[in-house]
Enquirer: 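Sharing a structure, written as structure tokens. Questions coming.
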Amino acid sequence: MAGRETLTVLNPMGYPPKVERQALAPRLDTLDGKTVYLVDCRFDDSELLLREIQNWFRDRMPGVKTVLTRISSVYTKDSPETWEEIKAEGDAAIIGVGH
Amino acid sequence: MRIDHDYGVPTVAVHTSVFKWVVRSVAGANGMPHMRQVFVPQPVIGKTPAELRAYVEGKDPVTDRLVMQEIVEGLTQPFGEGELAGAEFERATPRLVDSGSEDDLQILFREKRWTDQLPIVLPTEERVAAMLKGTRRKPDEVVGHMRPTDFREYWEYTVEKVAVNAVMAGAKPQYLPVILAMAASGVSARGSSTSSMATMAVVNGPIRNEIGMNSGLGALAPYNHANATIGRAYNLLSQNLQGGSEPGHTYMGSQGNAYAYGSVTFAENEERSPWEAFHVEHGFKPSESAVSLFTGCRATAFSLGLREKHWREHVGNMLRGLDPRTPPVFLLDPLAARMFIDRGGFKSKRELIAWIDDHARMPAEIFWDYQLTQNYVYPRATFGEEPWATRLKAAADEPIQMFLTKDIHVVIVGGETNPYWRIMGCTYHKTASIDEWR
């Protein structure tokens with residue numbers, strides 16, 4: 001009967017790379033008195049959402065200084081100058097809206 | 001999330017909830033499974049400030065916890081034991097699948113999403129060995145690397161892996177050099193853009209006739225074995241060799257794209273073209289064989305002939321009907337190509353392309369207001385990239401060019417039953433040698 005013979009076939013998937021460990025930055029004790037960068041990754045209307053997060057901090061946690069900034073090009077490109085600025089001038093970052 | 005790992009800045013990423021599986025798997029594959037991620041409802045685009053404030057004040061639809069509580073805690077709550085250091089481990093792909101009947105294996109391949117949901121030719125060892133006779137290359141030779149988006153990791157594949165996918169598509173061994181060239185390009189036919197991309201593949205040179213590809217009547221349609229199975233193989237190998245193309249995980253095209261069954265795969269009609277062959281334009285000799293790859297294939301416009309009085313306006317209208325970010329590739333039946341010569345006197349593709357570039361214009365204010373230009377062109381203009389920076393300075397009603405000359409292309413295809421022609425919105429990536437893979 002057709003389809004009953006046992007077949008041995010090859011796997012069509014490619015070879016994944018090894019997952020390399022990447023450590024995350026330790027968290028802050030508190031946001032009070034700290035500078036939090038809100039980073040617009042320039043995807044759709046992400047800046048508008050970040051503005052509302054900025055407004056929330058202004059209203060609910062006024063002790064947090066927020067800086068709204070944008071990555072230096074389109075979201076598909078890395079933005080090392082932005083990261084350098086935040087490392088030098090800020091304490092934490094919120095990036096949005098990504099996917 | 002280089003800022004968190006490379007720059008030591010505690011960071012929270014905010015996404016819309018539809019991307020929850022994608023961003024979690026990307027974080028895991030990058031060794032940061034505990035990266036802090038917070039979700040808001042989909043969509044953000046088009047919402048008012050009040051609606052977005054409600055998102056911010058509301059709950060994360062993935063965790064059902066308050067969005068701002070999660071953000072604040074994401075920046076201040078210490079990681080658990082072992083979470084800060086990330087994760088590291090090997091992954092492997094076995095050469096063989098567990099044996100089974102034809103029926104069971106067809107189901108297995110479909111359930112594992114190794115197919116395009118249509119029946120495939122099962123890649124038995126005998127069939128793959130026969131396919132490998134289509135190239136002098138060794139089965140274990142690395143062909144290339146591919147990934148579905150810029151944010152994911154590259155997967156690697158060998159000649160044998162490409163041959164497996166070629167068998168599944170129903171291709172013949174003599175097609176394998178074309179399929180290997182496509183694989184070696186690294187251009188995925190299964191990109192994960194939310195815009196629902198597909199690819200176009202144009203074959204040039206002697207191999208077109210050697211393997212019986214169609215460049216004439218019905219070349220873009222399912223009437224030729226080589227065109228059909230080479231295109232299907234390109235799509236199957238792309239999804240499988242890059243690590244998958246699964247909706248919600250490794251594929252996020254909102255509407256999908258029917259061209260992604262087999263790409264728009266055809267041979268250029270060099271014999272009936274009045275102009276230089278596409279691969280020759282890109283540095284190959286006429287005696288060499290090559291395949292050229294394009295991505296996009298979302299917007300398409302078409303027309304019949306060129307009317308004497310208003311042909312310029314008609315072409316301009318078609319160009320403005322495309323999306324403003326993806327450049328136009330003119331697919332001209334040989335009859336239509338001759339009409340462009342008759343009407344415009346274009347002695348070469350280059351002359352026609354220059355004319356297209358000059359006539360693809362729209363008022364600056366309207367061009368810059370498109371969401372696609374806002375996302376992908378405006379940021380480059382604001383940081384001084386030319387010619388976009390200059391075009392950004394144009395008066396609101398000034399007609400500015402929508403594309404760049406280098407991104408506009410012309411390909412000749414068709415059987416001369418009528419001077420129909422179309423514009424395919426797609427981005428040219430590269431022309432890859434086929435002869436290297438014979």
Enquirer: Please rank B:Ser99, B:Ala50, B:Pro33, B:Ala92 by heavy-atom pairs under 4.5 Å with chain A and give me the top one.
Expert: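 If we count pairs closer than 4.5 Å to chain A, B:Ser99 comes out on top.
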
Enquirer: Which one, A:Ile94, A:Thr6, A:Leu7, leads in non-hydrogen pairs under 4.5 Å with chain B?
Expert: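 Ranked by heavy-atom pairs under 4.5 Å with chain B, first place is A:Leu7.
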
Enquirer: Between B:Val44 and chain A, with a heavy-atom cut-off of 4.5 Å, which part of the residue counts as in contact: side chain, backbone, both or neither?
Expert: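 For B:Val44, heavy atoms of backbone and side chain both lie under 4.5 Å from chain A.
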
Enquirer: Which distance, rounded to the nearest 0.5 Å, do you find between the CD1 of A:Ile95 and the CG of B:Asp4?
Expert: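 The CD1 atom of A:Ile95 sits 8.5 Å away from the CG atom of B:Asp4.
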
Enquirer: What part of A:Arg51 gets within 4.5 angstrom of chain B, counting heavy atoms only: side chain, backbone, both, or neither?
Expert: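 Interface part for A:Arg51: neither.
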
Enquirer: Any idea which of B:Arg53, B:Gln371, B:Glu51 has the most non-hydrogen atom pairs under 4.5 angstrom with chain A?
Expert: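 Ranked by contacts with chain A, first place is B:Arg53.
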
Enquirer: Taking B:Val97, B:Asn375, B:Val72 one by one, which has the highest count of heavy-atom pairs under 4.5 Å against chain A?
Expert: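 Result: the option with the highest number of such pairs is B:Asn375.
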
Enquirer: Which bit of B:Ile45 is near chain A, if near means a heavy-atom gap under 4.5 Å: side chain, backbone, both or neither?
Expert: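 Contact with chain A is through both the backbone and side chain of B:Ile45.
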
Enquirer: Which value, rounded to the nearest 0.5 Å, describes the distance between B:Asp6 atom CG and A:Glu84 atom CD?
Expert: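 Going from CG on B:Asp6 over to CD on A:Glu84, the span is 10.0 Å.
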
Enquirer: Please flag which part of B:Leu96 lies under 4.5 Å from any non-hydrogen atom of chain A: side chain, backbone, both or neither.
Expert: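 Backbone plus side chain of B:Leu96, per the 4.5 Å heavy-atom cut-off to chain A.
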
Enquirer: Given that the side chain runs from C-beta out, which part of A:Asp59 has a heavy atom under 4.5 Å from chain B: side chain, backbone, both or neither?
Expert: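 For A:Asp59, the contact with chain B is made by the side chain alone.
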
Enquirer: Is chain B contacted by the side chain of A:Thr8, its backbone, both, or neither, given a heavy-atom distance below 4.5 Å?
Expert: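 It is both, since atoms from each part get that close.
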
Enquirer: Side chain, backbone, both or neither: which part of B:Phe383 has a heavy atom under 4.5 Å from chain A?
Expert: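 Just its side chain gets close to chain A.
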
Enquirer: Considering only distance and modelled atom types, tabulate donor-acceptor pairs under 3.5 Å from the side chains of residues 18-31 of chain B, sequence neighbours left out.
Expert:
| unit_1 | atom_1 | unit_2 | atom_2 | d |
| --- | --- | --- | --- | --- |
| B:Ser25 | OG | B:Trp21 | O | 3.2 |
| B:Ser25 | OG | B:Val22 | O | 3.0 |
| B:Ser25 | OG | B:Arg152 | NH2 | 2.7 |
| B:Asn30 | ND2 | B:Val26 | O | 2.8 |

Enquirer: Go through the atoms of A:Ile71 and report whether side chain, backbone, both or neither lie under 4.5 Å from a heavy atom of chain B.
Expert: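 Backbone only.
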
Enquirer: Salt bridge check, B:Glu57 against A:Arg60: does any charged N sit closer than 4.0 Å to a carboxylate O?
Expert: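 Counted as a salt bridge, because a side-chain N and a carboxylate O are separated by less than 4.0 Å.
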
Enquirer: Check each atom of B:Glu160 against the heavy atoms of chain A and say whether the ones under 4.5 Å are side chain, backbone, both or neither.
Expert: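 Looking at B:Glu160, just its side chain touches chain A.
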
Enquirer: Classify the ring geometry between B:Tyr157 and B:His145 as parallel (under 30°), tilted (30 to 60°) or perpendicular (over 60°).
Expert: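 Tilted.
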
Enquirer: If I measure from the heavy atoms of chain A, does B:Val40 come under 4.5 Å with its side chain, its backbone, both, or neither?
Expert: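 The side chain, not the backbone.
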
Enquirer: So, using ring-ring contact (aromatic ring centres under 6.0 Å, His included) as the criterion, who are the partners of A:Trp56 when residues are at least two apart?
Expert: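 Listed in chain order: nothing, the list is empty.
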
Enquirer: Below 4.5 Å, heavy-atom pairs only: which of B:Leu75, B:Val164, B:Thr382, B:Asp98 has the largest tally toward chain A?
Expert: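 The option with the most such pairs is B:Leu75.
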
Enquirer: Side chains of B:Gln42 and B:Thr16: any donor to acceptor distance under 3.5 Å?
Expert: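 Their side chains do contain a donor-acceptor pair, which is all the 3.5 Å distance test asks for.
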
Enquirer: Under 3.5 Å, is there a donor-acceptor pair between the side chain of B:Arg36 and the main chain of B:Gly74?
Expert: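 Present.
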
Enquirer: Please confirm whether the backbone N or O of B:Gly144 pairs with a side-chain atom of B:Glu156, one donor and one acceptor, at under 3.5 Å?
Expert: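 Checked: no pair found.
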
Enquirer: Measure distances from A:Tyr37 to the heavy atoms of chain B and classify the residue's part below 4.5 Å as side chain, backbone, both or neither.
Expert: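 No part of A:Tyr37 comes within 4.5 Å of chain B.
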
Enquirer: Between B:Phe39, B:Phe79, B:Tyr154, which has the largest tally of heavy atom pairs under 4.5 Å with chain A?
Expert: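 It is B:Phe79.
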
Enquirer: Backbone N or O of B:Gly244 within a donor-acceptor pair of the B:Arg190 side chain at under 3.5 Å?
Expert: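 The answer is no, because no donor-acceptor pair under 3.5 Å joins these two groups.
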
Enquirer: Is the cationic atom of B:Lys47 (NZ for Lys, CZ for Arg) positioned less than 6.0 Å from the six-membered ring centroid of B:Tyr55 and within 45 degrees of its normal?
Expert: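 Relative to the ring axis of B:Tyr55, which defines the angle, B:Lys47 lies outside at least one limit.
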
Enquirer: Between A:Asp45 and B:Gly46 (side chain of the first, backbone of the second, donor and acceptor by atom type, cut-off under 3.5 Å), is there such a pair?
Expert: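 A pair under 3.5 Å: yes.
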
Enquirer: When heavy-atom pairs shorter than 4.5 Å are enumerated against chain B, which of A:Glu20, A:Gln22, A:Lys18 gives the highest number?
Expert: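 Among A:Glu20, A:Gln22, A:Lys18, the one with the most close pairs to chain B is A:Gln22.
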
Enquirer: What option among A:Asp29, A:Ile53, A:Leu50 has the most heavy-atom pairs under 4.5 Å with chain B?
Expert: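 Highest number of heavy-atom pairs under 4.5 Å: A:Ile53.
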
Enquirer: Using non-hydrogen atoms only, which part of B:Pro94 is less than 4.5 Å away from chain A: side chain, backbone, both, or neither?
Expert: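 Both backbone and side chain.
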
